[in-house]
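Accompanying notes for the structure given below.
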Amino acid sequence: MHVTAIIAAGGAGRRLGGAVPKQLLEIGGRSILQHSVDAFLGHDRVTEVIVVLPGALAAAPPAWMSSTAAGARMHVVAGGDRRQDSVANAFDRVAAQCDVVLVHDAARPFVTPDLISRSIDAAAQHGAAIVAVAVADTVKRVDGAGLVAETIPRESIVLAQTPQAFRRAVLGAAVALGRAGVAATDEAMLAEQAGHPVHVIPGEAGNVKITTAADLDAARRGVRLAGRIGTGYDLHRLVVGRPLILGGVRLPSPFGALGHSDADVVCHAATDAILGAAALGDIGRHFPDTDPAWKDASSLDLLRRAAALVAGAGFAVVNLDVVVVLERPKIAPFIERIRSAVAEALGVAVECVSVKGKTNEGVDAVGRGEAIAAHAVAMLRGA
Ligand code: MG
């Protein structure tokens, strides 16, 4: 089956304000438009994607559109004055052998593969289908004076989302009706008027339309809640006469780690992991060893400060996992104290912090006891 997806992004998106068109605003590192386009390009049943952009943007599309591996599977066309004009322009580019056309609002970036699949199936079976959700609130019709004229049984109401899906000939009839002068806010309305029953299939609550600044904030918060991962690494030379401090805990040892600060590899790797997960740089940027303020600083205190920076950027630590690579002494007897100290500095429960010890099997400088290293992985979520 040949399936074409039309992504309608022809509007200026003025309701969100600002100089940047709505479809180019970013959520979690990708524009709203790219989220929507990727959802269809990445779907194994979608053959081609036609993106409708405002004229100026169509003439100079964002770089990712030309650099995408999708290549010939994606076409860009210029939109018209109204949504129906934009979809009509796109319809002219739909391949002749196409069976089903999906029309999707670019402003719904969280459309799922399942919703796309169900839309394709419903259009193939029924000719025209829309996804829609039930109404939870009581629905009132209001008169011109702002008074309630009627309470409408909400069982009779659904809220239409996109995709809207059509067999090619059905959408062709709808587009022809629009070109003949019938105005409509969506293609399903034109298909209806062209005499094709429109089938309703269940939509998804998460398939939201980004319309207001509050919608955008909520979407960004939702993406951040999905979690971010960071990694950290540290190594210090071991020398006789220095204290050996791990996670703020001093281990009895004739030698310790050499460094400007207390050379605590657990705290240094953990600090880089949480800063990295928040894309806030690294320990050297925030606490440079050229700054006398950090000479002899407690690295546990630096980790605490880094946790505050991460919290300030809107993230909370979910968990931290650290591997210490050291020939001797064995760290096992001290692991619980290290976990507690690190958890306290991060402001999380001790169950959220893991510390493991490894030797390097006598290999390399670490194996010869000349150095100590640590690796850390941290997960954050939006707070
Ligand atoms: Mg270090």
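Residue numbers count from 1 along this sequence. Atoms within a ligand are numbered from 1 in the order they appear, just like the ligands themselves.
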Run the side-chain donor-acceptor check on residues 165-177: report pairs under 3.5 Å with partners two or more places apart or on a different chain.
unit_1, atom_1, unit_2, atom_2, d
Arg167, NH1, Ala124, O, 2.8
Arg168, NE, Ala95, O, 3.1
Arg168, NH2, Val94, O, 3.2

Side-chain (Gln164) to main-chain (Ile130) donor-acceptor, under 3.5 angstrom: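 Not at all, since once roles are kept as given, no pair shorter than 3.5 Å links the two residues.
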Exercise: do Thr212 and Asp215 side chains pair donor with acceptor under 3.5 Å: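 Asp215 and Thr212 do have a side-chain donor-acceptor pair below 3.5 Å.
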Polar side chain donor-acceptor pair, Ser117 to His43, under 3.5 angstrom: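 A donor-acceptor contact under 3.5 Å links the two side chains.
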Check ion pair Asp282-Arg285 (N to O, under 4.0 angstrom):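 So Asp282 does not pair with Arg285 through a salt bridge.
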Salt bridge Asp85-Arg179, side-chain N to carboxylate O under 4.0 Å: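 No.
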Distance filter under 2.8 Å, centred on the Mg ion (ligand 1) - protein N, O or S atoms that pass it: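 Counting only protein N, O or S atoms under 2.8 Å from the Mg ion (ligand 1), the list reads Asp234 OD1, Asp234 OD2, His236 NE2, His268 ND1.
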